[in-house]
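First listed ligand is number 1; within each ligand, the first listed atom is number 1.
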Amino acid sequence: MTPDLDVAIVGAGVAGLSAASVVRDHGLRVLVLEKSRGLGGRAATRRRGDQRIDHGAQFFTARDPRFQARVDGWLATGDVAVWTRGMHVWHPDAGWTEPGPGGHPRYAPPSGMSALGRLLGAGVDVRREAPVARVRRIDGGWRVAMADGSTVDARTTLLTAPAPQALALVAGATLEPGAAETLAAIEFEPVFAVLAGYEGAAPPPWPGVRVEGHPDLAWVAHDGSRRGAAGGRGPMVLVVHATPAFTRAHLDAPHDEVADALLRAATALAPWADRPAWRDVHRWRYARPVATLSEPYLAAAPGLLVAGDAFGSDRVEGAFLSGLAAAEALAVELGAP
Ligand SMILES: Cc1cc2nc3c(=O)[nH]c(=O)nc-3n(C[C@H](O)[C@H](O)[C@H](O)COP(=O)(O)OP(=O)(O)OC[C@H]3O[C@@H](n4cnc5c(N)ncnc54)[C@H](O)[C@@H]3O)c2cc1C
């Protein structure tokens with residue numbers, strides 16, 4: 001029997017939601033299954049009282065005209081703003097490099113990066129808190145087995161979880177020759193993010209700093225500088241990201257130890273960084289792909305595609321474009337107009 005649903009999409013991150021809206025615009029019936037409560041995946045924002053703090057992606061850029069067109073729409077509605085042009089860089093030996101004039105825009109939604117999930121997911125049917133356990137072939141399509149034992153059948157399925165997680169979902173399924181090996185070869189780097197709030201601290205003179213040549217520290221952002229008019233509300237917040245090397249070495253270390261080490265390192269940029277009023281740690285096990293494949297998606301089996309930021313180009317824009325390309329391929333496969 002042919003399933004009622006045309007496309008099941010696993011993951012409501014940037015790739016899954018951009019794919020879902022394209023598939024829907026082709027008149028196809030689509031359902032997105034997302035394990036967590038929120039939309040946006042690694043474009044993630046945490047709430048603390050009135051404050052919103054970005055602990056995953058920090059900003060995004062747009063180079064492809066298709067993504068730029070979406071960004072221009074969001075700029076027009078005020079959902080997204082230019083956060084900076086260019087970026088401060090700090091190196092322990094070479095010191096500071098200020099951004100030059102004419103740097104290309106780094107965008108951020110003033111209400112937090114998770115707004116991307118809300119914007120891309122508008123009008124898309126998403127089932128939240130719905131972890132997928134397995135995907136397997138059935139007559140006329142694919143059966144998505146949910147962790148709670150229920151199932152969702154669809155003519156085609158698109159996986160957008162980070163490749164190592166996508167691979168686990170298709171364990172036991174018959175794939176195209178080489179597809180499992182291709183997925184297995186995609187490595188992701190882990191990243192620790194420390195969020196720290198400071199009462200009465202003067203805002204630093206930079207919005208964000210890319211740290212180069214430091215063993216532990218990769219990035220420090222003054223989160224409020226992304227918030228537009230709401231930026232001054234609440235205590236000053238720094239977002240500190242570790243290097244993948246530090247994160248790997250401390251993967252299972254107590255979070256207090258991780259926060260102490262990273263905030264101590266951040267005193268090189270902000271001398272008061274190690275004296276926060278509060279702090280939180282988030283571990284991203286799959287933060288960014290080490291390298292990307294040149295294809296914008298993987299055709300793992302007939303009617304089963306894998307997309308996300310490991311395909312084509314990386315980052316938020318790469319995930320968007322990968323979702324778009326996979327959706328167009330599914331529309332062709334399903335004979336949609
Ligand atoms: C710390 C950090 C900093 C970053 N900084 C930047 C930056 O400054 N600029 C930039 O452009 N990019 C940045 N990135 C990368 C950017 O966030 C990602 O490239 C992009 O968000 C990836 O989108 P995606 O849709 O491919 O994957 P994801 O966002 O990971 O979406 C996958 C979704 O699948 C869901 N999922 C996984 N398994 C299951 C399952 N079994 N069942 C149901 N759902 C499931 C997940 O919950 C998630 O919502 C950063 C990432 C991190 C972690």
Going by the atom numbers of ligand 1, which of them fall below 4.0 Å from some non-hydrogen atom of [X]?
X      : result
Ala319 : 22 (C), 23 (O), 24 (P), 26 (O)
Val14  : 25 (O)
Gly41  : 29 (O), 48 (C), 49 (O)
Gly13  : 25 (O), 29 (O), 31 (O), 33 (C), 49 (O)
Pro131 : 42 (N)
Gly308 : 26 (O)

Measure up the [X] and [Y] rings against each other and bin them: parallel (under 30°), tilted (30 to 60°), perpendicular (over 60°).
X      : Y      : answer
Phe192 : Phe246 : perpendicular
Tyr286 : Phe188 : perpendicular
Trp90  : Trp96  : tilted

Report task. State, with a plain yes or no, whether a side-chain heavy atom of Arg118 is found less than 4.5 Å away from one of Ser111. Result -> yes
Query - pair Leu269-Leu238: side-chain heavy atoms closer than 4.5 Å - result: no
Requested in this report: Show your working on salt bridge (charged side-chain N to carboxylate O under 4.0 Å, His left out) between Asp54 and Arg227 and close with a plain yes or no.
Outcome: CA-CA 10 Å; Asp54 294 327; Arg227 304 282 161 252; 3.0 Å; yes
Query raised in the report: Do Phe60 and Phe320 make the cut of ring centroids closer than 6.0 angstrom?
Result: no
Does [X] have a heavy atom less than 4.0 Å from any atom of ligand 1?
X      : result
Ala130 : yes
Leu33  : yes
Gly56  : yes

Report task. Kindly determine whether Thr61 and Arg63 satisfy side-chain hydrogen bond (donor to acceptor under 3.5 Å, both in side chains), including the steps that lead there. Result -> CA-CA 7 Å; Thr61 49; Arg63 293 184 169 82; 3.2 Å; yes
Looking only at protein heavy atoms, which one is nearest to [atom], and what is the separation?
atom                    : answer
atom 8 (O) of ligand 1  : Gln58 N, 3.2 Å
atom 1 (C) of ligand 1  : His241 CE1, 3.5 Å
atom 47 (O) of ligand 1 : Glu34 OE2, 2.6 Å
atom 32 (C) of ligand 1 : Thr160 O, 3.4 Å
atom 40 (C) of ligand 1 : Val132 N, 3.8 Å
atom 37 (C) of ligand 1 : Ala161 CB, 3.4 Å
atom 19 (O) of ligand 1 : Asp309 OD2, 2.6 Å
atom 39 (C) of ligand 1 : Lys35 CD, 3.8 Å

Have a look at [options] and point out the one with the heavy atom closest to [atom].
atom                    : options                       : answer
atom 5 (N) of ligand 1  : Gly323, Ala57, Ala287, Ala307 : Ala57
atom 21 (O) of ligand 1 : Arg42, Gln165, Arg283         : Arg42
atom 25 (O) of ligand 1 : Ala15, Ala62, Ala12, Ala166   : Ala15

For the 3.5 Å polar cut-off, considering only N or O atoms, please tell me whether [X] and ligand 1 meet it.
X      : answer
Trp284 : no
Leu169 : no
Val191 : no

Which atoms form the tightest heavy-atom contact between [X] and [Y], and what is the distance?
X      : Y      : result
Leu183 : Val306 : CD2-CG1, 4.0 Å
Val135 : Val132 : CG2-CG1, 4.2 Å
Gly11  : Val32  : O-CG1, 3.5 Å

Query raised in the report: Does Arg24 use its side chain to pair, donor to acceptor, with the backbone of Gly123 at less than 3.5 Å?
Result: yes
Query raised in the report: CD of Glu212: more than 12 outside heavy atoms within 6.0 angstrom?
Result: yes
**Report entry** Exercise: do His255 and Arg283 side chains pair donor with acceptor under 3.5 Å
**Finding:** no
